[in-house]
Amino acid sequence: MARLTVIGIGSPFGDDQAGWRVAEALAESTCVTAYDERLVVTACRSPAGELPELLANTDIAIVVDAVRDSGAPGTVYRIEGHDLPVFVAGSLSSHGIALRTMLELSDVLQNSPKAMIVYGIEVQFSGTDSVISEGTRRAADWVVEQIIRDVAHYCG
Amino acid sequence: MSEERRIAINVPALTRVEGEGALEVLIEAGRIVDLKLRIYEPPRLFEKLLEGRDFGEVPDMVARICGICPVAYQMSAVHAIEPVLGIDPGPWVRAMRRVFYCGEWIESHSLHIHLLAAPDFLGFNSITEMAKVYPDEVRRGLRLQALGNELIKLFGARSVHPVGAKVGGFHHAPAAAQVAALCGKLRAALPEAAQLVQWTAALKLPDEAQGFTSVALRHPVEYPMNEGRIVSDRGLNIGIDAFDRHFREHQVPHSTALHCLLDGKPYLVGPLARVNLNRDRFPDAVKTVLAEAGIPWPSGNMFHSIVARAIEIYYALWEAVRILESYRVPDSPSVAALTAAAGTGYGCTEAPRGLLWHRYELDAAGHVVAARIVPPTSQNQARIEENLQQALLAQGLDQAQDKLRFHCEQVIRNYDPCISCATHFLDLRLRRN
């Protein structure tokens, strides 16, 4: 039976908390209880921290992170497959090891899950206070709904 | 030769450094006339945010200062506050706090050695390049890192900004079966960690002996983590409440993080300083592994920091196993009743990157009146600049720019600086007239 892990990357600060907000909302939803041990939802601070371990121990990974690209704030990108490495280059990395590096590393070490989806939420700013902008908040809430559908597709 | 050159180098995304900063070097007439490690992200103002908060809120708030070493912030905070309240959490809490800290050392050091530092010494630009040639070594690093995370989760409920610690102890005591299972994994990792020490010692590390002052905690019998006096290899030996009499923070125009000097001079904190000052406190099993590395300690070569981190991983595993082998579930994992009291308390513990000093002033209601936090990277800033000066001169200022730039990056990375958490790049500007 396939194991699915949702990983929200971020921090407690500004719009960078988008990934955490998604993870926290999912963790409180009935989605988690419905699929029991097949579904893990977690928040992650630095891609270099827990990500390798999480990717190595799941069949399907859904990663959510704040990004800065050319889109309007609040834009959501949903990427999977071969487009991943290019897309995640713009992902906000809160530390020296970026999401792209860790995804590539998992690939090199043959630890990658069988399937992976990355949601990128285009953010307006990433300050050091705890205020999340309205656009990012709405986008994060929308991503939660999308992930619930993804989970149903893979685990249902 | 009077040839004049102006060269500007921009590195928009230096990888493998925690935080946001820049390095500016100005070389004129074959001399370094200016060298600044610039930290320019906005001040985080945590000390001010803590004012007015109840003492019980402090551990969870300070855990958010750093995503890599939250345990250190929590431990310095609780050790500062508890004497003000007049409580002693007892031997069980003391031992488990040590285990909690072991987890953070293992996690943080493993990450730095394998993902951040090793590519420099093996000639790779990134960890992914290195993993193609050294997959087993990288896997080893990830395994050890995961083990450290697991240990933090055991007491903290999660490894990112853990929430298990509190003033007076822990919110929860893990079940004996859970501890026994993890203890087995820690024990099984010891041979791998011993190999890691020898592997780091065999790396082709630059041979750059420098004169500097090592500063660390020193405990009467243990390798220091949560307790001890502040000592140096130049004769300093003070209680943690005397920090302010010898260590002075000051602002420099090029950094939003305060610099800290010991009696007016730069100094080193962190794994190399700890090993230099406290290797006699290692148990025999750890001393044997350290001796096999063949490095003469104390070491003045900053690049031996990677070996110091490796031996601390081995020690942290050993120490966690030692403590957890006799684990028992306590009647209560914390002091039952806490009564607010006014006073000033000091906490100083050994974060993975070095001395982390806290001071809290509480009022009679137990609210924070004033807080001061002096993190290790702030303390190492002046030493990094001093090291860069010495390293550039040792390399020779007439070297190619790329070589000088790479060496500067290597020197900075070697400190594992945690400049802060909202970060994107280090930008190196080297001007040579």
Side-chain angles (χ1 to χ4, degrees), chain A residues 7-17 19-20 23-24 27 40-57 66-68 85 88-112 123 125-130, chain B residues 13-20 41-46 49 61 63-68 70 107-108 110-112 114-116 126-133 135-136 138-139 141-143 145-150 152-153 158-161 413 416-426:
Chain A
I7 307 157
I9 299 176
S11 74
F13 306 113
D15 279 6
D16 194 33
Q17 63 190 293
W20 281 19
E24 283 163 9
V40 173
V41 179
T42 187
C44 182
R45 174 69 187 251
S46 156
E50 292 182 297
L51 198 60
E53 181 190 351
L54 292 166
L55 294 178
N57 290 299
V67 299
R68 274 185 184 149
V88 296
S91 178
L92 282 184
S93 170
S94 58
H95 289 280
I97 298 273
L99 175 59
R100 178 172 70 169
T101 305
M102 297 317 294
L103 296 182
E104 287 172 350
L105 180 62
S106 291
D107 206 33
V108 170
L109 297 177
Q110 299 176 325
N111 281 343
S112 292
V123 296
F125 67 95
S126 186
T128 53
D129 57 27
S130 60
Chain B
L14 179 86
T15 56
R16 294 182 281 129
V17 168
E18 306 280 357
E20 184 173 291
E41 64 185 65
R44 312 258 316 273
L45 307 174
F46 264 94
L49 290 171
M61 289 185 73
R64 301 236 164 172
I65 292 175
C66 182
I68 303 292
E107 169 262 328
S108 178
S110 300
L111 190 159
H112 184 261
H114 295 88
L115 273 63
L116 307 180
S126 71
I127 182 61
T128 44
E129 282 181 22
M130 180 181 147
K132 289 172 189 168
V133 183
D136 293 339
V138 174
R139 284 196 187 96
L142 295 177
R143 273 196 304 275
Q145 189 181 328
L147 211 46
N149 282 332
E150 211 173 329
I152 296 172
K153 276 184 209 162
R158 60 190 192 198
S159 63
V160 182
H161 305 307
R413 274 198 283 270
D416 192 14
C418 190
I419 292 172
S420 98
C421 302
T423 163
H424 308 235
F425 58 91
L426 188 147

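Labels below follow one simple rule: chain letters A, B, ... track the order of the sequence lines, proteins then strands, and each chain is numbered from 1. Nothing here was measured: the structure is a model prediction, and the numbers come from that model. Every heavy atom of this structure was used, including side-chain atoms; hydrogens, water molecules and symmetry mates were not.
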Task: Rounded distance [0.5 Å steps], CG in Leu142(B) versus CG in Asn111(A) - done: 7.5 Å
Task: Sequence-distant partners of Arg143(B), side-chain contact (heavy atoms from CB on, under 4.5 Å), two or more places apart - done: Arg139(B), Arg140(B), Glu192(B)
TODO: To the nearest 0.5 angstrom, please state how far the CG atom of Asn149(B) sits from the CD atom of Glu53(A).
DONE: 6.0 Å
Task: Heavy-atom check, side chain of Leu115(B) versus side chain of Met102(A), under 4.5 Å - done: yes
- [ ] State the CD-CG distance between Glu129(B) and Leu105(A), to the nearest 0.5 angstrom.
- [x] 12.0 Å
Task: Among Val138(B), Asp136(B), Thr128(B), residue most engaged with chain A (heavy-atom pairs, under 4.5 Å) - done: Thr128(B)
Task: Results of side chain to side chain donor-acceptor pair (under 3.5 Å) for Thr42(A) - residues two or more places apart only - done: none
Task: Glu104(A) side, atom CD; Ile127(B) side, atom CD1 - distance, nearest 0.5 Å - done: 12.0 Å
- [ ] Please determine, among Ser110(B), Ala131(B), Ser108(B), the option with the most heavy-atom pairs under 4.5 Å with chain A.
- [x] Ala131(B)
